Amino acid sequence: MGTALSVLHVRVWRGTESGEYQEFQVPRLESQTVLDVVTHIQRKLDPTLSYRFACRVGMCGSCAMTVNGKARWTCRTHVASVSDEERLEIGPLRNLPVIKDLVTDMAPFFDKWAAAKGQFRGSATRNDDFARVSPESRQRRLVDESIECIGCGVCYSSCDVVTWKPDYLGPAALTRAWTLVNDVRDVDQRERLTAVAGDAGCHACHTQMTCTERCPKKLSPTAGIAGLKRAVLSAALKGEI
Ligand code: FES
């Protein structure tokens, strides 16, 4: 561990849906991430603190929390970028049930991926050759960004429509649907467009764009949702759904 520059005053959520913030003092270090701070608390100050992480390099999507009021991936968020007063408030993601402390139940989030027909279903058999999708094709290029989603839940936690309308599928599930709608190998397109066309689907989006503003991978769920709206309209006009 490096030499402490000062002391960080950190309020951390303790409990379940009901609970309270508990304050800890953590040595402020150079290049420190928010995940480093939480890890310090759990390893040095209170081993009963529950939180989630895995890769620590921005790939697995498991470390998202609410930091000073905004959902963020904590392993790639430097303390310096979110706090200039040596104060941090760290809580669980919004819009999801809290299991304990900083750990939320992600089941409702991934249930919505399933409800949006987020599973690929092809028609090829093991005897067929690999399907070749040109990286330059229009449909493949439309989802160049969306396929990079790491499922961290930051967009879902930041979406006010999810708060107002808990059955709304949300930006991540709709982004997944958008990638598959453009997958020429998939054979469930009618079912998928029907799944995202309902009241809780893409038309519920108010285009507030908080998802796009907060996505740590700099993706635009809003653009994918707009694409889904066009695809649903086109399929409806053709009588396909
Ligand atoms: S720990 Fe994997 S994305 Fe942060």
Side-chain angles (χ1 to χ4, degrees), residues 1-2 8 10-14 21 24 26-83 87-114 116 118 143-159 162 170-176 178-179 209-222 224:
M1 189 161 75
L8 267 176
V10 189
R11 282 160 48 83
V12 180
W13 183 256
R14 304 306 303 271
Y21 283 94
F24 296 93
V26 175
R28 175 80 175 88
L29 303 174
E30 212 177 335
S31 304
Q32 189 175 27
T33 65
V34 175
L35 185 62
D36 291 336
V37 171
V38 176
T39 301
H40 177 90
I41 294 171
Q42 199 262 353
R43 297 209 176 145
K44 306 277 185 192
L45 305 177
D46 186 346
T48 67
L49 177 66
S50 299
Y51 68 113
R52 251 191 218 119
F53 73 97
C55 72
R56 304 190 72 164
V57 291
M59 290 178 69
C60 72
S62 67
C63 67
M65 302 170 201
T66 304
V67 183
N68 287 359
K70 291 184 182 170
R72 301 175 187 275
W73 55 355
T74 56
C75 71
R76 299 290 300 272
T77 300
H78 283 106
V79 172
S81 70
V82 288
S83 169
R87 290 188 180 278
L88 282 179
E89 185 176 274
I90 307 172
L93 288 177
R94 270 192 338 137
N95 291 340
L96 288 162
V98 181
I99 296 174
K100 180 174 174 287
D101 301 338
L102 302 172
V103 177
T104 48
D105 181 358
M106 300 300 284
F109 174 73
F110 287 112
D111 285 349
K112 288 182 177 178
W113 287 44
V143 296
D144 271 353
E145 279 193 359
S146 306
I147 59 171
E148 301 293 336
C149 173
I150 57 172
C152 64
V154 164
C155 60
Y156 187 85
S157 169
S158 305
C159 177
V162 174
L174 292 171
T175 294
R176 173 65 182 158
W178 176 238
T179 67
M209 299 187 69
T210 320
C211 53
T212 298
E213 185 190 308
R214 303 257 172 93
C215 173
K217 298 285 289 183
K218 307 218 178 314
L219 314 183
S220 175
T222 314

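Numbers here are sequence positions counted from 1. Worth saying up front: this structure is predicted, and the values here are computed from it rather than measured. Just so you know, ligand 1 is whichever comes first in the structure, and atom 1 is the first atom listed for that ligand.
Counting only protein N, O or S atoms closer than 2.8 Å to atom 4 (Fe) of ligand 1 gives 2.
No more than 12 heavy atoms of other residues, nucleotides or ligands lie within 6.0 Å of NZ in K70, so this atom counts as exposed by the packing criterion.
D144 pairs by the salt bridge (charged side-chain N to carboxylate O under 4.0 Å, His left out) definition with R140, not counting sequence neighbours.
Residue pairs meeting the ring-ring contact (aromatic ring centres under 6.0 Å, His included) criterion with at least one partner in residues 44-63, sequence neighbours excluded, are Y51-F53. Sorted by first then second residue, the salt bridge (Lys or Arg N to Asp or Glu O under 4.0 Å) pairs that include residues 52-69, not counting sequence neighbours, are D36-R56.
The closest donor-acceptor contact from the side chain of E148 to the backbone of K218 lies at 3.5 Å or more, if one exists at all. In this structure, R176 contributes its side chain and G118 its backbone to a donor-acceptor pair below 3.5 Å.
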